[in-house]
Amino acid sequence: MINNVYKIIADAVTPLMPSWGISELPRFEVQTPKIEAHGDLATNLAMLLARPLRRAPRQVAEEIKAAIEQATDAFSAIEIAGPGFINFRFGNAFWHGNLYKILHEDRAYLRPDIGGGARVQVEFVSANPTGPLHIGHGRGAAVGLALSNLLSAAGFGVEREFYINDAGRQVKLLGLSVHIRYRQLLGEAVELPEDSYRGDYIADAAQALIDEKGDTYRNMAFEDCREEIVDWSYKRMLADLKADLESFGVVFDTWKSEKSLFASGKVADALDALRAAGHVYEKDGAVWFASSAFGDEKDRVVVKADGEFTYFASDIAYHKDKLDRGFDSIIDIWGADHHGYISRVGAALQAFGLDRDKFRVLLVQIVSLLRGGEPVKMSKRSGEFITLREVVDEVGADIAKFIFLTRRCDSHLDFDIETAKAQSSENPVYYVQYAHARINSIFRQAPSKGFQGVDRNAMGTIDVSCLVEADEIGLIKKLCRYPAVFEGAATSCEPHRITYYLQELAGEFHAFYRNHRVLVEDDRQLGLARMALARAVEVVLHEGLSILGVNAPEEM
RNA sequence: GCGCCCGUAGCUCAGUUGGAUAGAGCAGCUGCCUUCUAAGCAGCUGGCCGGGGGUUCGAAUCCCUCCGGGCGUACCA
C-alpha cells in the first residue's frame, strides 16, 4: 500500500521536475499518520522540496496535489495540512478491496517479499552443553525463533543453527565434575574442585553413567578416561538441551560442532590464512591476531603460551566457515554481556577479505526472574537456579515466548512468574489469544444463528460493501497496516513489533465485538460481511502469532 | 580511564529509523453481563521524554557535554 502510493506520487510529480530545475526527487516518506484527522497516508515531499526550490512548502504542496489529482483518482481526498504535509484519504471501496486480499490469504499481501530468496543463517542459544538452560537462554530462543520465522516469511532462505561448544575448557570441566560425582557415588572420598559444576543434574548424570557403564572408570585417573567421559557427558547434556528446546517449540536445522572445526583443520587453516596475509604475529610466547588494524580496541590472542587455542580462535574459523558456506548474511543472537566480541569477530571477517557487513549481532539483554515482585535468587556456583524447563512447566511455553517478545531485545526484561501465570488481564498473551478464540466461537455459533453452510475458508466472495461504520472501516485499516509492520519488523530484525501490533489489533477487535453483533440474524448481508471481517482478523492474528511461535487457540 | 547498551506516566515498557497534539498495559478511581466467550468493553486520573547546549521548516529520535544505572574492557568461556 505504502509502496504503491510512493510510486504514484513519484510518477505524478516527475513531469514537474524540469520546471523546478531539479533532476532527482529527494528521498521522501510516505507514512500512516498517528492521528486519524491527518488522513490515511501522508507525505513530507513538499517540505523536503521547499528548501531547494526556495519556495514556501505549502505552495509546493499545492502544485504536487494538483499533479497527483491530474494523474490518478486513487484517493478520495487530498489535503494540505500543518507545515506542508500532504494527506491522502481513501474511500471505503479501497478498504473493501484490501479486505478481499486478506480473505484470499494472499501471501504476497501478508508476507511482502523482501528477502528475494537470499540465504540467511540465524545462530542462537548456542548454550554450553554443561548444564540446563536458564531463563536468559529462553529469551534468546524466543527471539531467535521469532526472527527466523519472520525472515522466512519475508522471503529469506533461513537456516537455524546451534553452535556446540564441545571443544573447550568448559566441557572438560563438565566431564571432570561428572567423573568426581561418579566416584563419590561409588564410595570414594574425593572432593569437587572449587570451579567445578555442581547441581543435581551432575549427580543425575553420574548415576546414569553408573547405570550405563558400571564401575569402569572407578579407579581411573580423569586424564586416562577424559575423552570418553567428556564425550559421554556433554552428549547427555546436549540431548537434554535439545529436548528442552523442542518442548519450547524451537527446532534447529543444523548443530555445528566446535570440535569438528578443529578436527577438519578449519581452525588451523583460518589462522594460517591470517598469518599468510600478515595479520598474525607472536609475542610473549602467544600468537596474536592484529584485530586492532580492523577497528578492534586491541589485538587478541588466538593461541595461548601453553599452546591451547583460545575460544576466539575457533570463533574466527567458525564465522569464516559460515560465510564460506555461502550465506548472504549471518545473524548471531548473543547475550548482551558478549557485546565486546562483535568488533573482534567483524575484524576477523574483514581480515579474510570477507564482507563484514554480512555479519550482524543481536544482543539480548539479561532477564530478571521475579516471583510476586521479589527477585528469585540464583547462584550458578551452588547450582541453585531455576531452569528454563521449570519456568516453562510452570507458566507454559506460549506465555513465556510472548512475554520474551514484548520488549525490544536490547532492553532489560523483568519476568515475574506469578504475573505470567495469572489467568488475568495482566497477561497480554491471553488478550490476543482470546480475540482469536472469540472469532472461532462466532463461527461455531453461526449455524445455529441462521448462517448455515458458510465456509469461513472461502469468504472472499462475500460482498462487504455494507461495512461502512467507523469501527468496521477502522478495523480494516488496522488489518491493512500489518504488511508495513511486518516489513519493518523484518528489516530491522525486531520481532517485538509484531507483538505490539497484535495487541493493538486484538484491542480493536474486542471493541468492535462489544459494539456490534457479528451474526446479525435480521440482516443476512450485514452478518455475512461482518463474518468476513472477523475471518480476516482471525487470519492476521493467526499469521502474527505463528511468527512469534505462539499458538492461536480456537477455544479458551 | 576507555568502549557498548539504557534513562519516556506511580510500575513495566512502546514510539512507524527526523514528522503534525506523546502512546499502551498494569496499578488507582467510575460505569457495563437477558444478546455471538466479562481472559472483554467504555470513561477518568496520571508527562520538564534524566539535565543543559547544538543541528533545521520540525528532535523522545541525530551531534556535543554533564548526571545516573547496567555490561564489557583476560593468554575465561
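- Residue A:Lys298 is classed as a sugar-phosphate contact, given heavy-atom separations below 4.0 Å to backbone atoms only.
- Residues A:Tyr431 and A:His510 share a closest heavy-atom pair of O-NE2, 3.1 Å.
- For A:Arg497, taking side-chain heavy atoms from C-beta onward, the closest of the listed nucleotides B:C13, B:U17, B:C57 is B:U17.
- Using a 4.0 Å cut-off, no side-chain N or O of A:Arg300 falls inside it from OP1 or OP2 of B:C75.
- Judged by distance alone, the side chains of A:His338 and A:Asp332 never bring a donor and an acceptor atom under 3.5 Å apart.
- Note on A:Thr491: nothing from the nucleic acid sits closer than 4.0 angstrom, heavy atoms only.
- Of the listed nucleotides (B:C6, B:U16, B:A39), B:C6 has the atom at the smallest distance from the side chain of A:Arg408.
- At least one side-chain nitrogen or oxygen of A:Lys304 sits closer than 4.0 Å to the OP1 or OP2 atom of B:C76.
- Looking at the side chain of A:Phe85, the nearest of the listed nucleotides B:G19, B:C75, B:C5 is B:G19.
- Nucleotides B:C63 and B:U55 are separated by 15 Å at their P atoms, to the nearest Å.
- Residue A:Arg517 places its side chain closer to B:U35 than to any other of B:U35, B:C41, B:A77.
- Contact check, A:Gln503 against B:A14: no side-chain N or O comes under 4.0 Å of OP1 or OP2.
- With no hydrogens or angles considered, no side-chain donor-acceptor pair links A:Gln170 and A:Thr130 at under 3.5 Å.
- Comparing B:C5, B:G72, B:A77 by their closest approach to the side chain of A:Tyr311 singles out B:A77.
- Across A:Ser291 and A:Asp296, no two heavy atoms sit closer than the pair OG-OD2, 2.9 Å.
- Contact annotation for A:Thr32: base contact, defined as any heavy-atom pair under 4.0 Å involving a base atom.
- When distances run from any side-chain atom of A:Ser441 to the nucleotides B:C41, B:C4, B:C36, the shortest one goes to B:C36.
- B:A9 makes up no base pair with any nucleotide shown, lacking Watson-Crick or G-U wobble contacts both under 3.5 Å.
- Between the OH atom of A:Tyr513 and the P atom of B:C41 there is a distance of 12 Å, rounded to whole Å.
- For B:A20, the OP1/OP2 oxygens have a side-chain nitrogen or oxygen of A:Lys34 closer than 4.0 Å.
- Residue-level contact check: A:Ala42 touches the bases, meaning some heavy atom is under 4.0 Å from a base atom.
- A gap of 26 Å separates the P atoms of B:C26 and B:A20, to the nearest Å.
- Projected onto RNA chain B by closest heavy-atom contact, A:Asn165 and A:Ala437 fall at different nucleotides, the more 5' of which corresponds to A:Ala437.
- A syn orientation is assigned to B:U17, its glycosidic angle lying within 90° of 0.
- Here A:His38 packs flat against the base of B:A20; its ring centre is closer than 5.5 angstrom to the base's six-membered ring, tilted by less than 30 degrees.
- A 3.5 Å limit on both hydrogen-bonding distances identifies no Watson-Crick or G-U partner for B:A59.
- In terms of heavy atoms, A:Arg198 sits closest to A:Pro193 at NH2-O, 3.1 Å.
- Of the residues near RNA chain B, A:Phe443 and A:Gln31, the one whose nearest nucleotide (by heavy atom distance) lies more toward the 5' end is A:Gln31.
- Checking the phosphate oxygens (OP1, OP2) of B:A14, a side-chain nitrogen or oxygen of A:Ser411 falls inside 4.0 Å.
- Between the OH atom of A:Tyr6 and the P atom of B:U16 there is a distance of 19 Å, rounded to whole Å.
- Between A:Lys259 and A:Asp231, at least one side-chain N (NZ, or NE/NH1/NH2) sits under 4.0 Å from a carboxylate O, which counts as a salt bridge.
- To the nearest whole angstrom, the two P atoms, one in B:G40 and one in B:U45, are 23 Å apart.
- Within the nucleic acid shown, A:Asp284 comes within 4.0 Å of at least one base atom, counting heavy atoms only.
- Remark: A:Gln445 is not in phosphate contact with B:U35, judged by side-chain N or O atoms under 4.0 Å from OP1 or OP2.
- Atom P of B:U16 sits at a distance of 15 Å from the matching atom of B:A22, rounded to the whole Å.
- Among the protein residues, A:His516 comes within range of the nucleic acid bases, having at least one heavy atom under 4.0 Å from a base atom.
- Of the candidates B:C13, B:U17, B:C76, the closest approach to any side-chain atom of A:Gln170 belongs to B:C76.
- In this entry the distance linking CD of A:Glu418 with P of B:C26 reads 18 Å, nearest Å.
- Phosphate proximity of B:G15 to A:His496: present, with a side-chain N or O under 4.0 Å from OP1 or OP2.
- In this structure, the CG atom of A:Leu405 is 12 Å from the P atom of B:A14, given to the nearest Å.
- A:Ala511 comes within 4.0 angstrom of sugar-phosphate atoms only, judged by non-hydrogen atoms across all strands, and of no base.
- One N or O donor and one acceptor, one from the side chain of A:Asn87 and one from the base of B:A20, sit under 3.5 Å apart.
- B:G25 and B:U21 have their P atoms separated by 23 Å, with the value rounded to a whole Å.
- Centre separation under 5.5 Å together with a plane angle under 30° does not hold for the ring of A:Tyr434 and the six-membered base ring of B:G40, so they are not marked as stacked.
- One atom, CG of A:Asp416, and another, P of B:A27, lie 13 Å apart when rounded to the nearest Å.
- Exactly one of A:Lys477, A:Arg481, A:His38 qualifies for a side-chain hydrogen bond (donor to acceptor under 3.5 Å, both in side chains) with A:Thr32. That residue is A:Arg481.
- Across all strands shown, A:Glu504 has no heavy atoms under 4.0 Å from either base or sugar-phosphate atoms.
- Regarding A:Asp315, its CG atom lies at a distance of 10 Å from the C1' atom of B:A77, rounded to whole Å.
- The shortest non-hydrogen separation linking A:Ala420 to A:Ile403 is CB-CD1, 3.6 Å.
- Remark: P of B:C36 and CZ of A:Arg524 are 20 Å apart, rounded to the nearest angstrom.
- Among B:C75, B:A77, B:A20, the nucleotide with an atom closest to any side-chain atom of A:Arg169 is B:A77.
- Under the Watson-Crick or G-U wobble criterion, with both distances below 3.5 Å, B:G43 is paired with B:C29.
- Nucleotide B:G1 is matched to B:U73 when pairs are restricted to Watson-Crick or G-U wobble geometry with both distances under 3.5 angstrom.
- We find that CD of A:Glu494 is positioned 6 Å from P of B:G15, with the value rounded to whole Å.
- Contact annotation: A:Tyr431 side-chain N/O to B:C41 OP1/OP2 distance is under 4.0 Å.
- Relative to the side chain of A:Thr310, the nucleotides B:A77, B:G19, B:C13 differ in distance, and B:A77 lies closest.
- Using a 4.0 Å heavy-atom distance criterion, A:His338 is classed as a base contact.
- The phosphate of B:U37 has neither OP1 nor OP2 within less than 4.0 Å of any side-chain N or O from A:Arg514.
- An anti orientation is assigned to B:C49, its glycosidic angle lying beyond 90° of 0.
- A:Phe404 has its ring centre less than 6.0 Å from the ring centre of A:Phe415.
- At the heavy-atom level, A:Asn44 lies under 4.0 Å from base atoms of the strands shown.
- Two rings, from A:Phe75 and A:Phe90, have their centers less than 6.0 Å apart.
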